[in-house]
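Only one structure is covered here, and it is reproduced in the block below.
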Amino acid sequence: MTILVTGATGTVGRLIVDELARNGHQVRALTRDPAKADLPEGVEVVAGDLAEPGSLTAAFDGVEAVHLINFAGDDYAPLKTGEQLVELAAKAGVRKVTVLGGRADGPLEQALAASELEWTLLEPVEFMSNTLQWWAQTIKAEGVIREPFGGRLSAVVHERDIAAVAATVLTSDGHAGKTYTLTGPRAITTTEKVRILSEAVGQEIRFVELSEDEARAKWLADGMGAETIEFLIGALGDTPEVGYTVVPTVEQVTGRAPRSFAQWATEHAVAFKR
Ligand SMILES: NC(=O)c1ccc[n+]([C@@H]2O[C@H](COP(=O)([O-])OP(=O)(O)OC[C@H]3O[C@@H](n4cnc5c(N)ncnc54)[C@H](OP(=O)(O)O)[C@@H]3O)[C@@H](O)[C@H]2O)c1
């Protein structure tokens, strides 16, 4: 059977493609720009834009299972074409659908709920790889992280575990109509994260805790907009319970314990080394 993976060039999508291909499944990867996709050999790469369902007919042809993202565009705007995508999927004979970051009330999720498809929503908490995006450059250059809320707890999840759950759901039964919150094995604080990274890298990384006002001033100087700054202060200063509550879903679905942040840090240490 052919499995279509959308968001296939993204952090999680690439790993879903990997996981499925490694397990011998036939994978078709969707991207807006195949020339830049850089996906493994043996993976069929197709061009298409989720915001333009007319561009997706070939992508859905002969597909039995689909992994979907629920946004379109580089600003992560909610996907408005959910209904058309669900129609396309149903017409193509798709049975199973996973959605990354699925919120039950989004247009895509609503269309799936009203359909006959076997959908599963995957709701990971904070990705471990955010560290790479947010911290790697500064740590490499200065060996220091300046942030507020050093004691903030997060049950960070390894992207490979999100991918493993998606791959399992797309290729086995018993997951229809479920919403899976996905976490790592332990909730850790920001200061612990820095310590674990420091150990994995083998170099000292200092954590300088900023007050909220110091953080606002720093982020403003870094060029961040006022709205984003207030969003971050709110999100980091008052993480919802779901963000730091460990759940057993990864192991229940995949049969494997979730990977730790220490493991993630070891795998990515080189990106933080001075
Ligand atoms: N980071 C976190 O801590 C976190 C936590 C929970 C949930 N999430 C959720 O995870 C999702 C982001 O996943 P990610 O980090 O793996 O993504 P990502 O690395 O930012 O990659 C974005 C992907 O979306 C594709 N894309 C964007 N617009 C498209 C369009 N119009 N048509 C087709 N493809 C399009 C891109 O493909 P091309 O450029 O190749 O076309 C790319 O593969 C979001 O829904 C976010 O809410 C993130």
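What you see below is based on every heavy atom in this structure, not just the backbone, and it leaves out hydrogens, waters and symmetry mates. Just so you know, ligand 1 is whichever comes first in the structure, and atom 1 is the first atom listed for that ligand. Note that the structure is predicted; figures quoted are calculated from it, not measured.
Among residues two or more places apart in sequence or in another chain, the salt bridge (charged side-chain N to carboxylate O under 4.0 Å, His left out) test is passed with D75 by none. Partners of R32 under the side-chain hydrogen bond (donor to acceptor under 3.5 Å, both in side chains) rule, at least two apart in sequence or in another chain, are D74. For Q252, the side-chain contact (heavy atoms from CB on, under 4.5 Å) partners are P248, not counting sequence neighbours.
Ring geometry, H158 versus H268: the interplanar angle falls from 30° to 60°, so the pair is classed tilted. By the 30° and 60° cut-offs, the orientation of the rings of Y76 relative to F71 is tilted.
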Can you pull every nitrogen or oxygen pair between ligand 1 and the protein closer than 3.5 angstrom?
| residue | atom | partner | partner atom | Å |
| --- | --- | --- | --- | --- |
| ligand 1 | 1 (N) | N130 | OD1 | 3.0 |
| ligand 1 | 3 (O) | F127 | N | 2.9 |
| ligand 1 | 3 (O) | N130 | ND2 | 2.8 |
| ligand 1 | 16 (O) | T11 | N | 3.2 |
| ligand 1 | 16 (O) | V12 | N | 2.9 |
| ligand 1 | 19 (O) | T11 | N | 2.8 |
| ligand 1 | 19 (O) | T11 | OG1 | 3.1 |
| ligand 1 | 20 (O) | Y76 | OH | 2.4 |
| ligand 1 | 28 (N) | G73 | N | 2.8 |
| ligand 1 | 31 (N) | D49 | OD1 | 2.8 |
| ligand 1 | 32 (N) | D49 | OD1 | 3.4 |
| ligand 1 | 32 (N) | L50 | N | 2.9 |
| ligand 1 | 37 (O) | T9 | OG1 | 3.2 |
| ligand 1 | 39 (O) | R32 | NH2 | 2.8 |
| ligand 1 | 40 (O) | T9 | OG1 | 2.6 |
| ligand 1 | 40 (O) | T31 | OG1 | 2.6 |
| ligand 1 | 41 (O) | R32 | N | 2.7 |
| ligand 1 | 41 (O) | R32 | NE | 2.8 |
| ligand 1 | 43 (O) | G7 | O | 3.2 |
| ligand 1 | 43 (O) | T9 | N | 3.2 |
| ligand 1 | 43 (O) | T9 | OG1 | 2.7 |
| ligand 1 | 43 (O) | G10 | N | 3.0 |

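Side-chain N/O atoms of W264 and E159 include a donor and acceptor closer than 3.5 Å.
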